[in-house]
Amino acid sequence: VQLQASGGGLVQAGGSLRLSCAASGSIFSPNLMGWYRQAPGKQRELVATITRGGSTWYADSVRGRFAISRDNAKRMMYLQMNSLKPEDTAVYYCNLNQGLNYWGQGTEVTVSS
């Protein structure tokens, strides 16, 4: 399995970005996909997850501002990030868990104040 994350960039506080994650290879059901992030000097943290059936979970810090979605037919996952804050600055990683964990290469998000 390979995961390719994209969509990061530089945005002002209050702005929006949409991250994408393209999956390829042998993907089985059930599985859980998610977005993690790692800010400079901090541990990687879980941001949001989505099951194959579409059930979602969000970290308290992003609930109400971020929306995770997936298109199983296209093997894509997305993270719509609205009302971005400087503390959202991090490298964002997509993850697929289907017994084994698979990681994308990360896409950098920088939110300026």
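Bear in mind the structure is a predicted one, so any value in this text is a computation, not a measurement. Side-chain atoms are counted along with the backbone in the values below, which use heavy atoms only and exclude waters and symmetry mates.
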Co-membership, hydrophobic cluster, residues Leu100 and Leu46, 4.5 Å side-chain: no
For Asp60, the salt bridge (charged side-chain N to carboxylate O under 4.0 Å, His left out) test, sequence neighbours excluded, returns Arg63
Table please: side-chain donor-acceptor pairs of residues 80-87 below 3.5 Å, with sequence neighbours left out.
from: Gln80; atom 1: NE2; to: Asn82; atom 2: OD1; distance (Å): 2.9
from: Asn82; atom 1: OD1; to: Ser16; atom 2: OG; distance (Å): 2.9

Name every donor-acceptor pair, under 3.5 Å, that has one atom in a side chain of residues 104-112 and the other anywhere in the protein, sequence neighbours excluded.
from: Gln105; atom 1: OE1; to: Ala5; atom 2: N; distance (Å): 3.1
from: Gln105; atom 1: NE2; to: Ala5; atom 2: O; distance (Å): 2.8
from: Thr107; atom 1: OG1; to: Gly8; atom 2: N; distance (Å): 3.0

So, taking the atom named SG in Cys21 and the one named CD1 in Ile68, what distance separates them when rounded to the nearest 0.5 Å? 9.5 Å
Cys94 side, atom SG; Arg37 side, atom CZ - distance, nearest 0.5 Å: 15.5 Å
Same cluster (ILVMFWY, side-chain, under 4.5 Å), Tyr78 and Tyr93: no
Would the distance check show the side chain of Asn101 and the main-chain N or O of Asn95 forming a donor-acceptor pair, the cut-off being under 3.5 Å? no
Can you list every ring-ring contact (aromatic ring centres under 6.0 Å, His included) pair that touches residues 29-77, not counting sequence neighbours? Tyr36-Trp103
Could you pull out all residues at least two apart from Arg75 that satisfy side-chain hydrogen bond (donor to acceptor under 3.5 Å, both in side chains)? none
Enclosure of Glu45 CD (heavy-atom neighbours >12, cutoff 6.0 Å): yes
Test side chain to side chain contact (heavy atoms under 4.5 Å, CB included) on Val1 and Gln98; report intermediate values, then the result. CA-CA 10 Å; Val1 173; Gln98 51 182 28; 3.8 Å; yes
Measure the spacing between OG of Ser69 and CD1 of Ile50 and express it to the nearest 0.5 Å. 6.0 Å
Hey, does Leu96 have a side-chain heavy atom less than 4.5 Å from the side chain of Leu3? yes
Given 3.5 Å as the limit, does a donor-acceptor pair link the side chain of Asn97 with the main chain of Gly99, or not? yes
Applying a strict under-4.5 Å side-chain criterion to I, L, V, M, F, W and Y, I'd like to know whether Leu19 and Tyr102 cluster together. yes
Pair up each side-chain donor or acceptor in residues 22-33 with any protein partner under 3.5 Å, not counting sequence neighbours, and list the distances.
from: Asn31; atom 1: OD1; to: Arg70; atom 2: NH1; distance (Å): 3.1
from: Asn31; atom 1: OD1; to: Arg70; atom 2: NH2; distance (Å): 2.8
from: Asn31; atom 1: ND2; to: Phe28; atom 2: O; distance (Å): 2.6

